[in-house]
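Per chain, numbering begins at 1; letters A, B, ... match sequence-line order.
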Amino acid sequence: MKPTRLITPPASCEEVAALAVDLDQGPPARPQARATLEAHLVGCPACRQLVAAQTVARQRVGRLAAVPPPAPPAALEAQLADRLRQRTGRPPARRSRRVLAGAGLLLMASAAAAYLVLRVEPTTITPTGGPGAPTPPSELVQDLRLPAGARGDAAGPGRRFRPIGWLEAERPLEAARVTRVELRAEAAAAFGWPVTPDLPGGRVQAEILYGEDGLARGLRFLPATFHVATEGTK
Amino acid sequence: MTSPPASPSLSPDAALWERLCAGDAAALSRLYREAGGRLLRFVERLSGSRAVAEDVLQDVFLAVIDGTAAAGAGARGGRGGHDAPGGYDPARGSLRSYLFGMARNAGLKRMRDLRPPAIDTGPRFGARLDDDEQAVRAALGRLDPIFREVVLLCDLEGLRYDEAATALQIPVGTVRSRLARGRARLVEQLSSDAPRATPAAGEEAR
């Protein structure tokens, strides 16, 4: 049998290593690459071992890779929001209306938010208010998992809460309380609602969803309540 | 690029960056929640230290915010790499590679200040790991950092080769060969870490 003469130079260990990462998904597409690879492997036990290790490693690492990531700390999130506000120094609204200079008023469940809240009515409001049983909090939690990118005009503002504060996904919301609050109009503007210039001084109402731990989880504005205030609102 | 805001031709990463530059706090929160945990995990596995991971997470996101401010002011990074003063540049790679690249650099800086940590001690983030997962994690901790970082980025955090290349500022071919070698070393480490089977009669236990 005549010896086969290779036309292309044999692959180096370095080239083999670069090919080895994907070998378990199939041999190299080009026949020449395959041939030089095989020629190399015949004579190189170290590279044979390297190739064999790829599959083993993928299997072993795969389980660890499937473990979900931890939740990032809430305290840092709040700090970052403050920093962003200071840095960009502009309200986050896309619309070019300048409502007030109070830029980026974020409603967080903290004492700092108190100045935005003009009146608090801790009524127990059934979330849907519709006929039949009230929506259990766990379903409201489903609503909260909407992407936060849905600004104030999220689908069904009458139903869905916008996530605020910290929502720990791994701790389901067993019980929740809804509190209706009355806010200055610019609070709504900070969340992207189109608050027109004739509304300053106006009032809007919103509902805040609190978990049983007392932390605010969600916020939804009640557009039906938006109006220019001359006197006290209902 | 002078495309108008929210142009449909913007990639998701570019669109998100634009929102951040506009001061969109919701976009920042979303990014933090989606990426923060992964960055924490990556740095903790890279450095062996939960404290380092938490510090780096702050480093990275403060840098993101600084980058949005600089970008808003019109600065554009001229040098290669994502640490350029203009912040993230979509033309240079994915947002993911930007974040992981910063995390890796910040992690290495902070690791230098640490006394060599005991491997595998102390509380870790997130879910409990079973024995097998623990073993892999421990073996990873013993790898040379050059290999460990590539295995973490590609096999554990799911970055593509080109993303890892951008994050680490090395060629794609190097990512591939380092990943292959890193996996091989990991497998060797796992076998040598594994509890020894009872020696057969006549064999000496070491």
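A salt bridge does not link B/Asp13 to B/Arg96: none of the charged nitrogens lies less than 4.0 Å from a carboxylate oxygen. Salt bridge B/Glu54/B/Arg110: absent, no basic N to carboxylate O contact under 4.0 Å.
Around atom CZ of B/Arg38, no more than 12 heavy atoms belonging to other residues, nucleotides or ligands sit under 6.0 Å away. With a 6.0 Å radius and a threshold of 12 heavy atoms from other residues, nucleotides or ligands, A/Gln79 has its CD atom above the threshold.
Note: B/Asp130 leads B/Leu39, B/Asp130, B/Leu140 in heavy-atom pairs under 4.5 Å with chain A. When each of B/Gly182, B/Ala184, B/Ser177 is scored by its heavy-atom pairs under 4.5 Å with chain A, the top score falls to B/Ser177. Between chain B and the options A/Ala17, A/Ala66, A/Ala65, heavy-atom pairs under 4.5 Å are most frequent for A/Ala17.
Interface residue B/Tyr161: only side-chain heavy atoms are found under 4.5 Å from chain A. In this structure, chain A has heavy atoms under 4.5 Å from both the backbone and the side chain of B/Leu57. B/Leu179 touches chain A through backbone and side chain together, each having a heavy atom under 4.5 Å away.
Listed here is the closest heavy atom pair of A/Cys13 and A/Cys47: SG-SG, 3.7 Å.
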